[in-house]
There are 2 protein chains.
Amino acid sequence: MTTPRRVTIRDVARKAGVSVATVSRVLGGDYPVLAVTRNKVMRAVRELDYVPNAHARALSAARPGAIAIVVNTIAVPYYALIAQGVEDQAAQEGRLSLICTTGGDNGRELSIVQLLREQRAEAVILVGSVIVDEEYRKRMTEYAHALAAAGSRLVLCGRPPLGEGVPALVVGFDNTGGAHAVTAHLLSAGHRRILYLGVRPGHTTSDTRVAGYRSALAEHGVALDPSLEVEAEFDRDAGYAAMNRRLAEGPPDFTAVFAGNDLVAAGAIQSLHEHGLRVPHDMSIVGYDDVPPAQDLHLTTVHLPHDELGRAAVRLALGRVTTSPMTLGTHIVVRDSVRPLGPR
Amino acid sequence: MTTPRRVTIRDVARKAGVSVATVSRVLGGDYPVLAVTRNKVMRAVRELDYVPNAHARALSAARPGAIAIVVNTIAVPYYALIAQGVEDQAAQEGRLSLICTTGGDNGRELSIVQLLREQRAEAVILVGSVIVDEEYRKRMTEYAHALAAAGSRLVLCGRPPLGEGVPALVVGFDNTGGAHAVTAHLLSAGHRRILYLGVRPGHTTSDTRVAGYRSALAEHGVALDPSLEVEAEFDRDAGYAAMNRRLAEGPPDFTAVFAGNDLVAAGAIQSLHEHGLRVPHDMSIVGYDDVPPAQDLHLTTVHLPHDELGRAAVRLALGRVTTSPMTLGTHIVVRDSVRPLGPR
DNA sequence: ACGTCTGAAGTAACCGGTTACCTGACATCG
DNA sequence: CGATGTCAGGTAACCGGTTACTTCAGACGT
C-alpha cells in the first residue's frame, strides 16, 4: 500500500479551473476575488479535502512563528499551571504553542533550544530554576544572542538573568517578598525557631526564598541559626526524607516549619504524622506555591499567580508589554496549619 | 532595524567553497564526504552559526512528523501525567511532540485536529472523555479517515471508539475493572449503602466506572438504589458542591462514598469535614486515579498507570506495537479512608 | 597508452506554498 | 475613438532545504 500523493494547491487549481495564485488568494486572505471564482475554489477544496501544508506556508511567507515553553516536567503542578497560562495566552494570540520538557537536564535544555531555533520559534520561554554552570551559561548566552539576531525573543521565567547585555526578557514571582510575608506570619504567631526546609545551593528560587526568610527573621530581631536551614530538593519525597532525618535526631528543636514549596510541605507533614506530631497542634508549617495538595492539607502558603506568569511571558515575548524585568506579586493564603504560640 | 537575512545553506556552501549538496550531505547523513571537505563545511557552519530550517527540511524530505497530544487542560494532573508519558516516549523515539489543549470544547478540539493536519503531524493522540454529539462524531470520523489516508495515525486514549471501520487506535484504562475492585473493597468492609458521586450522562469514563460499581453491587447481592447515584463533574468544586447538597438534605443515608475521581473525593471530604464528619471514622470514601491529592488525603483509590498510557499511545501510533484496542490494568491502593463496618 | 571503473562533488529539479509583476477585459474620460 | 485606469486573474520566481542524475579526476586493468 503506497501512500497516495498528497493533495496540493495545484490539484485544487486544476479542479477549480483557475490558477494556483487564485487558490492561494481565496484561502489566504484579503486579495479581491470574484464571488463566483471563490465558490469554484471552495468547492474544489471541499471535494478534494485539501489541507494546506503548514511547512510550505512557513517557508514561503513570513508568518508568525510558534511560541515555545520549556519546563522541567509537566507532571508537577507548578510547571503545568504556568504552561497552561502560556498555552491559553498563545491560543488567544492565535499562535501555535510548543511545550517541551527537559527533565531538569541542562544539556537537554540546550539541545531543545537548538531544536526550537530550527523550528523558527518566535519566542522561547524558559521556566524554572537551573543550577547554572559555566558551560551552560556560555552556550545559553550564545543562543540568546542568536535568537535576538533572528528576531526571536527569549523569556526567562522565574530564573536569573543571564548577565549584562544579554538580550532576554525576564519575568518572575516576588519570592523574597512572599517568603518574607509568610515568615513574618509565623513570627507574629509567636514562633521563633522556624525550620527552613528546602535549601538548594545555587538554585535561584530557593536562594530568593531563603533571603526572604532571613530578612524577616532579622527584622524581628531573631538571630539566624544555620542549623535551622536544611537542604532538600523541591519535591514530596525530599521533604519527607529530610524531615525524617531531622526527627530521627531527637525531639524537634523548632516549633514551625517553612517548607520550600507545598510538595516539600506535604512530605514533611507525612513524616510529622508518622512521628506522632499533629499539624498545627504540635507543629506549625507553611508552604509555598499554593498548588493542589495545599488546599487539602489546610496548608497556609503563598499563592503564586502561575497562570498570570505564563500569560505575562507570552505578552512580553510578543512585545505587547515591555516591562522587563517584571515581578508578579504574591499573597499569603491563611488556612489552618499554623498555631499561635502563647506568651512564653 | 531590519531583520538581517537568515543564514541559508547557500551561504554556508559559498563560505566553504563547496556546493549546497555537499553541505546538505555533511549535515544530513550517510553520504560519503572526504574528511577535509567535511571540516571545511563544519567550520563554515560554526562561523556563520548556521541553523537549518526545519520547515524547509520537512517540505523537501519525507521526514518523520510530530506527535501531537490533545487534552482538555494540562493543569489537571490526570492529563498532565498522561501528557508527560507521551512527551517522554516521543522524545525517546526522537520525535517532536506537540501538546494542545481544548478547554473541554469539542469545537476547539476539531479545529485543533485540523491544525495538526496542516502541521502534517504523524500521530494525533486524543485523550479523555468527550460528550459526543452527532456533529462531532461526523466530523471527527471524517478526520479519522483523512488522517489515515495521509498515513497518519489517530489514537484515542480513554475514550470510546468512533465506530465500526473508522481507522483509529484505541488504548484505555480498565475502568470497569477498577471500579469493580474498589467497590468490592468497600463491600467486603461491610458497607452496603455506597454513594456513587460522579455520574455524568454521556461521558464514557463515568459510564464505565458506574458499570463497575453496579456489577460489584450485583455480585454481592446488593440492590441498586438510584438515589445513591449522584451527578457531579469530575473536579474538586463539583465534588464539594454535590456533597454539600446531599448533606443539606439531612443525615447521610449511606456509610461510604465512591467518588468518580480523586478530585471529587477531595471536594467531598472537605464538605464532610465541614459537616463534622470524619474520614474514615464517620464516613468511608474511595477515589479513583491516584493523583496528587490522594496520597495526602490518605485516600484509598485506584491507581492508573498514566505514564504507561501515554507511552502506549505513542508506541501504538508509531506501529511499535499493534494490539488495539489495548486495555491497561489498574490496581487498588489501600490507604486509610475506609473503615470496616462491624457486623450489623 | 587507452578504456573502464569508482567515488567525491556539482547541477538542477523538486517539495508546496506565496506574491511581485504581468496580462487582458472592460469602464471611463477628454 | 483612442488613451488611461481599474480590477480579476495568470505566470513564474522564490522561500531553504534534499536528492536524482551528471561530471570529473584518479585508480586500475590489459
Side-chain angles (χ1 to χ4, degrees), chain A residues 3-42 44-45 48-65 96 115 117-122 150-151, chain B residues 2-42 44-45 48-65 115 117-122 150-151:
Chain A
T3 308
R5 256 211 352 89
R6 279 274 187 185
V7 175
T8 76
I9 197 171
R10 291 168 225 272
D11 301 321
V12 176
R14 195 174 315 120
K15 177 128 191 169
V18 300
S19 73
V20 292
T22 302
V23 176
S24 180
R25 284 161 186 153
V26 168
L27 268 46
D30 38 10
Y31 198 92
V33 175
L34 282 189
V36 49
T37 313
R38 173 186 311 279
N39 289 340
K40 278 194 299 188
V41 171
M42 294 309 282
V45 165
L48 294 175
D49 189 25
Y50 167 67
V51 178
N53 184 320
H55 295 300
R57 281 188 158 165
L59 189 58
S60 54
R63 20 185 65 235
L96 179 65
L115 175 79
R117 290 182 64 196
E118 294 181 2
Q119 297 290 331
R120 300 296 187 257
E122 183 170 342
Chain B
T2 88
T3 309
R5 254 209 352 87
R6 278 277 186 183
V7 175
T8 76
I9 198 172
R10 292 170 224 269
D11 301 322
V12 176
R14 195 173 316 122
K15 176 129 191 166
V18 301
S19 73
V20 293
T22 303
V23 176
S24 179
R25 282 163 188 150
V26 168
L27 269 44
D30 38 10
Y31 198 92
V33 176
L34 282 189
V36 51
T37 312
R38 175 186 308 278
N39 290 340
K40 281 193 296 185
V41 170
M42 293 310 281
V45 164
L48 295 174
D49 187 27
Y50 167 67
V51 178
N53 184 319
H55 295 301
R57 282 190 157 162
L59 190 56
S60 54
R63 18 185 67 231
L115 175 78
R117 290 184 63 197
E118 295 180 4
Q119 297 290 332
R120 300 296 185 257
E122 183 169 341

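Every chain is numbered from 1 and lettered A, B, ... according to where its sequence line falls, protein lines coming before strand lines.
- Closest of all the heavy-atom pairs between B/I9 and B/V20 is CD1-O, 3.8 Å.
- Distance A/Q119 CD to D/dG17 C1': 14 Å, rounded to the nearest Å.
- Between B/H55 and A/R57 there is no side-chain heavy-atom pair separated by less than 4.5 Å.
- Across all strands shown, A/S24 has heavy atoms under 4.0 Å from base atoms, whether or not it also approaches the sugar-phosphate.
- As a whole-Å value, the separation of A/I9 CD1 from C/dG17 C1' is 6 Å.
- Distance CG (A/L59) to P (D/dG16): 7 Å, rounded to an integer number of Å.
- Side-chain atoms of B/N39 do not come within 3.5 Å of backbone N or O of B/V36 as any donor-acceptor pair.
- The distance from atom CZ of A/R63 to atom C1' of C/dT19 is 13 Å, rounded to the nearest whole Å.
- Within the structure, every side-chain polar atom (N or O) of B/R6 is placed at least 4.0 Å from both OP1 and OP2 of D/dG16.
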Next item on the list: Report the C-alpha distance between A/Y50 and A/L27 in whole Å, list the side-chain angles of each, state the deciding distance to 0.1 Å, and finish with yes or no for side chain to side chain contact (heavy atoms under 4.5 Å, CB included).
Entry: CA-CA 11 Å; A/Y50 167 67; A/L27 268 46; 3.3 Å; yes

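- In this structure, CG of B/N53 is placed 12 Å from P of D/dC15, rounded to the nearest angstrom.
- Rounded to whole angstrom, the span from the CD atom of B/E118 across to the C1' atom of C/dG16 amounts to 13 Å.
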Notebook entry, point to check: In B/S/- notation, 5' to 3', how is nucleotides 5-13 of chain C contacted by protein heavy atoms closer than 4.0 Å?
Noted result: ---SBBBB-

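- In this structure, of C/dC15, D/dC15, D/dG17, it is D/dG17 that holds the atom nearest to the side chain of A/R120.
- The stretch residues 15-24 of chain B participates, sequence neighbours left out, in these salt bridge (Lys or Arg N to Asp or Glu O under 4.0 Å) pairs: B/K15-B/E47.
- A side-chain donor-acceptor contact under 3.5 Å links B/S60 to the backbone of B/A56.
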